[in-house]
Amino acid sequence: MRGLAAVMQGRRIQYAETLREGLRWPFPAGLAARLTGAQVLGFRRRAKFMLMRIEGGTSVLIHLGMSGRMVARGAGHIAASQGPQGAVSDARGHNAPPERHEHLVMTLEDGTRIGFVDPRRFGCVDLVPTAAEDAHRLLAGIGPEPLEDAFTPAVLGAALAGRQTPIKAALLDQKIVAGLGNIYVAEALYRAGISPQRLAGSVAGARVLRLVPAIKAVLTESIEAGGSSLRDYVRADGEIGIFQENFAVYGRAGKPCPECPGLPGCGGVAQIVLAGRSSFYCPKRQR
DNA sequence: CATTAGCCCTGAGAGC
DNA sequence: TGCTCTCAGGGCTAAT
């Protein structure tokens, strides 16, 4: 979102075009027309959704899903494309051929072209009145923002109390806390020394006191590193985030965790499936 | 109500 | 080289 804001905030969208009917859901009627000619007023984020305020009291709600990315190119911006499609890096403006899996294109007056690229099409775009952003059906009921001061051990502890589901599943539940995904849940639980299998209701006392700062630290550090770039994700400016280099457990099955450097009898990071998702943890450090 | 399985998609990598 | 199989930053919906 910060990358997009740097490119789009205060600028006017000269022309917008949808290149297919929709992604996860059909694009809202008149999306391209609403974007065309509108000035971009500002951005905010709620959970994993970006909200782009444009003229006319409208906001554009954007979710990148699993494989989505916003790509800015032309007018001096570095292309985010990679591989064989990299040849379009010096293409400018709206006449450039669409990148593979580019579904929505916005061209600014200076020729910058911003594309929503999403191979798996799990992402979504919708329009919502700016005055009622949080009333959108996809945002209603979402839990507290983990980086805000209001997210305290007391608040998380209350949300987890009585829950019989594994803490891993509870933290992925956006109604309990907003914006955590599979990677950051794994990393936060590692730092807090909590097993992903532990029942959520039993995460209390000292464990919640460790978990809340662990969540805040993981997210803050990753944002500072530009995010985590696995497979196809790149930021709007084409640079990749580098937080994946700091993963302690995610994707590191069998390798020693940072705190247990190859001790005899230690099998290293374990991988199990919880809530339908791969979970990585150190059985020695996480209880 | 709380929790889980299925499903929406394409692409990359592993194994044969 | 090419095929098949499995898995991947998410989250809605139906079933249990």
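The chains referred to below are lettered A, B, ... by the order of the sequence lines, with proteins before strands, and numbering in each begins at 1. Fair warning: this is a prediction, and the values are worked out from it, not measured in the lab.
Comparing C:dG11, C:dA8, B:dT3 against the side chain of A:His63 picks out C:dG11 as the nearest. Distances were taken from every side-chain heavy atom of A:Met66 (C-beta onward) to each of C:dC7, C:dG10, B:dT10; the shortest belongs to C:dG10. When the nucleotides C:dA8, B:dG11, C:dG11 are ranked by their closest atom to the side chain of A:Lys48, C:dG11 comes out on top. Distance from the side chain of A:Trp25 is smallest to C:dC12 among B:dC8, C:dC12, B:dT10.
At a threshold of 4.0 angstrom between heavy atoms, the contacts of A:Leu23 with the nucleic acid are absent.
For the OP1/OP2 pair of B:dT10 and a distance below 4.0 Å, the side-chain nitrogens and oxygens of A:Arg100 include no atom meeting the criterion. The phosphate of B:dC9 has neither OP1 nor OP2 within less than 4.0 Å of any side-chain N or O from A:Ser67. A close approach under 4.0 Å does occur between a side-chain nitrogen or oxygen of A:His101 and OP1 or OP2 of B:dG11.
One can place OH of A:Tyr250 at 6 Å from P of C:dA8, the figure rounded to the nearest angstrom. If you measure from atom CE of A:Met50 to atom P of C:dG10, you get 15 Å, rounded to the nearest angstrom. A:Asp118 places its CG atom 12 Å from the P atom of B:dC9, with the value rounded to the nearest Å. Distance A:Arg121 CZ to C:dC12 P: 19 Å, rounded to the nearest Å. Here C:dC12 presents its P atom at 11 Å from CG of A:Leu61, a figure rounded to the nearest Å. Distance NE2 (A:His136) to P (C:dC12): 11 Å, rounded to an integer number of Å. Between the CD1 atom of A:Ile272 and the C1' atom of C:dC7 there is a distance of 17 Å, rounded to whole Å. The interatomic distance linking A:Leu138 (CG) with C:dG11 (P) rounds to 10 Å, in whole Å.
Consecutive Watson-Crick or G-U pairing (both distances under 3.5 Å) extending over three or more pairs maps onto DNA chain B as B:2-8 with C:10-16, B:10-16 with C:2-8.
Residues A:Val105 and A:Leu64 fall into different hydrophobic clusters, defined by Ile, Leu, Val, Met, Phe, Trp and Tyr side chains chained together at heavy-atom separations under 4.5 Å.
A donor-acceptor contact under 3.5 angstrom links the side-chain atoms of A:Arg120 to the base of C:dA8.
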For nucleotides 4-7 of chain B, list the nitrogen or oxygen atoms of the protein found under 3.5 Å from its nitrogen or oxygen atoms, one pair per line.
from  : atom 1 : to       : atom 2 : distance (Å)
B:dT4 : OP2    : A:Thr165 : OG1    : 3.1

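Between A:Glu133 and A:Arg53 there is no salt bridge, since no side-chain nitrogen of the basic residue lies less than 4.0 Å from a carboxylate oxygen of the acidic one. Salt bridge status for A:Lys216 with A:Glu145: absent, with no side-chain N to carboxylate O gap under 4.0 Å. Under the 4.0 Å criterion applied to side-chain N and carboxylate O atoms, A:Arg113 and A:Glu17 are not assigned as salt-bridge partners. With salt bridges taken as basic N to acidic carboxylate O contacts below 4.0 Å, one links A:Asp134 and A:Arg44.
Going from the P atom of B:dA5 to that of C:dC7 covers 15 Å, rounded to whole Å. A distance of about 14 Å separates the P atoms of B:dG6 and C:dT6, rounded to the whole Å.
Mapping A:Gln271 and A:Ala47 onto DNA chain C via the closest heavy atom, the residue that lands nearer the 5' end is A:Gln271.
Under the rule for a salt bridge (charged side-chain N to carboxylate O under 4.0 Å, His left out), the partners of A:Arg191 that lie at least two apart in sequence or sit in another chain are A:Glu221. Under the rule for a side chain to side chain contact (heavy atoms under 4.5 Å, CB included), the partners of A:Arg210 that lie at least two apart in sequence or sit in another chain are A:Ala192, A:Ile194, A:Ala206, A:Arg207.
With A:Glu187 contributing its side chain and A:Tyr184 its backbone, the two residues share no donor-acceptor pair below 3.5 Å.
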Task: A:Glu109 vs A:Arg11, salt bridge (Lys or Arg N to Asp or Glu O under 4.0 Å): CA-CA, chis, key distance, verdict - done: CA-CA 8 Å; A:Glu109 289 172 318; A:Arg11 308 289 180 78; over 6 Å; no
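Near DNA chain B, defined here as any heavy-atom distance below 4.0 Å, there are no residues from residues 171-192 of chain A.
The two residues A:Ser229 and A:Ile240 make their nearest non-hydrogen contact at OG-CB, 3.2 Å.
In the hydrophobic clustering, A:Leu138 connects to A:Trp25, A:Phe49, A:Leu51, A:Leu61, A:Val128, A:Leu139, A:Ile142, either directly or through intervening members, whenever side-chain heavy atoms lie under 4.5 Å apart.
The aromatic ring of A:Phe122 sits over the base of C:dG10, with ring centres less than 5.5 Å apart and planes inclined by under 30°.
The cationic group of A:Arg285 lies under 6.0 Å from the six-membered ring centre of A:Tyr190 and within 45° of the ring axis, placing it in a cation-pi geometry.
Within 6.0 Å of CZ on A:Arg12 lie more than 12 heavy atoms contributed by other residues, nucleotides or ligands.
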